[in-house]
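Quick caveat: nothing in here was measured; it's all calculated off a predicted structure. Quick note on labels: first sequence line is chain A, next is B, and so on, each numbered from 1.
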Number of protein chains: 2
Amino acid sequence: MTSSLRKPPARASIAEYLAEAIFAGRYQPGDFVPRELDLCERFAINRSAVRSDLRQLVDVGIIERISGHGSKVREYAEWHILDPQVTEWMSRYAAPNPEIQREILAFRLDVEPYVAMTAARRATARDLVAIEEAFEGLGQNLRNASCAEERRLHSECDVAFHVAIFKATHNIVWAQLSHILRPSIHLLVTMSNEHASDPEESLERHRQVMESIRMRRPKEAFLAAQAVLAGTAEALGLEPGASSLGRGFELP
Amino acid sequence: MTSSLRKPPARASIAEYLAEAIFAGRYQPGDFVPRELDLCERFAINRSAVRSDLRQLVDVGIIERISGHGSKVREYAEWHILDPQVTEWMSRYAAPNPEIQREILAFRLDVEPYVAMTAARRATARDLVAIEEAFEGLGQNLRNASCAEERRLHSECDVAFHVAIFKATHNIVWAQLSHILRPSIHLLVTMSNEHASDPEESLERHRQVMESIRMRRPKEAFLAAQAVLAGTAEALGLEPGASSLGRGFELP
DNA sequence: ACAAAAGTATATGTTGAACAAATGGCGAAT
DNA sequence: ATTCGCCATTTGTTCAACATATACTTTTGT
């Protein structure tokens, strides 16, 4: 191994840089990002690499390349927010517009109780192990949410908890859809650190979901998941009623 | 315009060729696709283009590139089946394994009644126009489902009908998720052509969904959507009970 | 004879340059 | 004033050379 750093910035990824800039709003829909040759010079990298990275942004619908003109940022509605790479950027840099976060949360309010209910029906022992491990992590990283690193850990456990429940449905579509949770969970953990909502109460709600799934009680799992999301919506300053679907939906 | 063809094979897209081959099962998970130089020769194309296309397959999780070894087809569970490009390939070439189709249909059984219910609550006049236009197309292309072109048209209208309902939720996540419908709808139209199920009955069920949404009757829309999907599941030879979630879920 | 080490073959990864094609704007001619 | 054609800019395509990573083979030392 070399002396100084094992992995220098690996390579200055243009995709990463542009994603940060676009998600931060420095380039907005309709704007043009710097042209290829400028990016080459700016990052001391060859054009092939630049084009390769730009293509990644094109493939997820974030930019549009116009031959002989430039690369334009597309409207938010065009972005592939179901793409794992996009949700990762959203959770890392926050969504570029609040509306997207609201709609993702509305979606969660719609489906998560449903998913928890199914998990209660179909979860295997292995699924329960995954759910429990994530929950343990949630509890451990609860108190000392002081530094950024601790918060990141807590956030990861929170994500892992919800993803484990999605996977417990044993349906590939639900499992892959779990990526959509990341952005709003990361946002929640970040905001709850500022607004200091009650973490004990949140933990207890998560425990209820886990127990309901373990005990194979679908109805209880449905309600418990609703309770968790109500807390989430509240912490994010969104009323549960804002959901496009969930309102008024009750148990069979 | 030129004399012969307005769009020659555009270009022999390696991504398209490999997608067809992989979805047809000629390359299965674990297999290695031809190496770059062979593809260059086979399609009389340069290596940059080949690599660009291979990257597209990498980005959607279909293949994995191993430096100095080759490009391996990944397990089905790794594929990004929520990606629009992947669902387009699935609807064009059919899913490479039946299990994926089953799980997508199970997902539809879970969520479509829910989505129809919301559409009934939130659909605007414009949404209703889109739904109606698709429905008209369904009716027109019903009788003459003889040649392949007619069937394709019918399939497109079927897709448009369901997608319009998803968009009527006015939630970006649901709207983008509507891509997942394409594969099973195309499969249904193909199979129903062989098994000759009753198209009149299917059309009537779709009409019920549309009318329920128009009349703003969420509960009826929920039930009507369930009825459509029951017909779909039957036509595909899958019992509705195979759903991972939907079974036993009733209206509030 | 066996095992570790060095070397080789084969594939993907990276870089650089040159040329082709498309778009937008400017300007001249009608 | 409008249209046609030219030109500048930027992305698209192709080619060639070299670097790096992995698997297999050969060598070499005990």
Side-chain angles (χ1 to χ4, degrees), chain A residues 1-2 4-19 21-22 27 29-74 78 85, chain B residues 1-19 21-22 27-74 78 85:
Chain A
M1 333 175 173
T2 60
S4 52
L5 359 79
R6 53 190 59 233
K7 278 275 183 180
R11 184 191 72 188
S13 168
I14 312 291
E16 199 61 37
Y17 166 78
L18 283 179
I22 292 172
Y27 299 108
D31 291 352
F32 282 81
V33 301
R35 68 185 216 266
E36 293 178 355
L37 290 179
D38 282 342
L39 291 172
C40 292
E41 188 181 8
R42 169 88 173 71
F43 290 90
I45 212 173
N46 63 79
R47 220 184 113 193
S48 302
V50 169
R51 288 179 56 78
S52 175
D53 277 23
L54 285 175
R55 184 183 172 137
Q56 189 178 353
L57 295 177
V58 171
D59 286 342
V60 296
I62 292 183
I63 66 174
E64 169 189 13
R65 312 205 65 189
I66 304 173
S67 177
H69 196 196
S71 302
K72 188 168 65 173
V73 178
R74 300 180 72 179
E78 308 288 332
Q85 176 67 80
Chain B
M1 334 180 169
T2 61
S3 54
S4 52
L5 0 77
R6 51 190 59 236
K7 278 277 183 177
R11 184 191 71 188
S13 168
I14 311 291
E16 199 60 39
Y17 167 78
L18 283 179
I22 292 173
Y27 300 108
Q28 298 199 345
D31 291 353
F32 281 81
V33 302
R35 68 184 215 266
E36 292 177 356
L37 290 179
D38 284 342
L39 291 171
C40 292
E41 189 181 8
R42 170 89 173 70
F43 290 88
I45 210 172
N46 61 81
R47 221 185 110 193
S48 300
V50 169
R51 287 179 57 78
S52 174
D53 278 22
L54 285 175
R55 184 184 170 135
Q56 189 177 354
L57 295 177
V58 171
D59 286 341
V60 296
I62 291 183
I63 66 173
E64 169 189 12
R65 313 205 64 188
I66 304 173
S67 176
H69 196 197
S71 301
K72 187 168 66 172
V73 179
R74 301 181 72 180
E78 309 287 333
Q85 176 68 82

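- Rounded to the nearest 0.5 Å, atoms CZ (Arg47(A)) and CG (Leu54(A)) are 10.0 Å apart.
- Rounding to whole angstrom units, CZ of residue Arg51(A) and C1' of dC19(C) are separated by 13 Å.
- Rounded to a whole Å, the CG atom of Asp53(A) is 14 Å from the C1' atom of dG13(C).
- Ala15(A) and Leu57(A) get closest at one heavy-atom pair: O-CD2, 4.4 Å.
- As a whole-Å value, the separation of Asn46(A) CG from dA17(D) C1' is 13 Å.
- Distance CG (Leu54(B)) to C1' (dT14(C)): 16 Å, rounded to an integer number of Å.
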Show me the side-chain donor-acceptor pairs of residues 37-44 of chain B shorter than 3.5 Å, one per line, residues at least two apart or across chains.
| unit_1 | atom_1 | unit_2 | atom_2 | d |
| --- | --- | --- | --- | --- |
| Asp38(B) | OD1 | Arg35(B) | NH1 | 3.4 |
| Asp38(B) | OD2 | Arg35(B) | NH1 | 3.3 |

Inset, instruction - Take nucleotides 20-25 of chain D nucleotide by nucleotide from the 5' end and write B, S or -, depending on whether a protein heavy atom sits under 4.0 Å from the base, only from the sugar-phosphate, or from neither. - result: -BS---
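- Across all non-hydrogen atoms, the minimal contact from Asn46(B) to Ser48(B) is OD1-N, 3.1 Å.
- With rounding to the nearest 0.5 Å, the separation of CZ in Arg74(A) from CD in Glu64(A) is 5.5 Å.
- Protein atom CD1 of Ile63(B) is 10 Å distant from nucleotide atom P of dT12(C), rounded to whole Å.
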Inset, instruction - List the steps and the verdict of side chain to side chain contact (heavy atoms under 4.5 Å, CB included) for Ile22(B) and Ile63(B). - result: CA-CA 10 Å; Ile22(B) 292 173; Ile63(B) 66 173; 4.0 Å; yes
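- At whole-Å resolution of the value, CZ in Arg35(B) and P in dA9(C) are 15 Å apart.
- Between Glu36(B) atom CD and dT10(C) atom P the separation is 16 Å, expressed in whole Å.
- In this model, a side-chain donor or acceptor of Arg47(B) finds a partner on the base of dG13(C) within 3.5 Å.
- Contact between Val73(B) and Tyr27(B) at its shortest, heavy atoms only, is CG2-CB, 4.0 Å.
- Rounded to 10 degrees, the angle between the two end axes of the helix from dA1(C)-dT30(D) to dT30(C)-dA1(D) is 10°, with five pairs used at each end.
- How far CZ of Arg55(A) is from OG of Ser71(A): 13.5 Å, rounded to the nearest 0.5 Å.
- Leu37(A) places its CG atom 12 Å from the C1' atom of dA17(C), with the value rounded to the nearest Å.
- You'll find that the side chain of Ala49(A) is closest to dT15(C), out of dT15(C), dT12(C), dT14(D).
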Inset, instruction - Walk me through it: do Ile66(A) and Phe32(A) pass the test side chain to side chain contact (heavy atoms under 4.5 Å, CB included)? - result: CA-CA 10 Å; Ile66(A) 304 173; Phe32(A) 282 81; 4.2 Å; yes
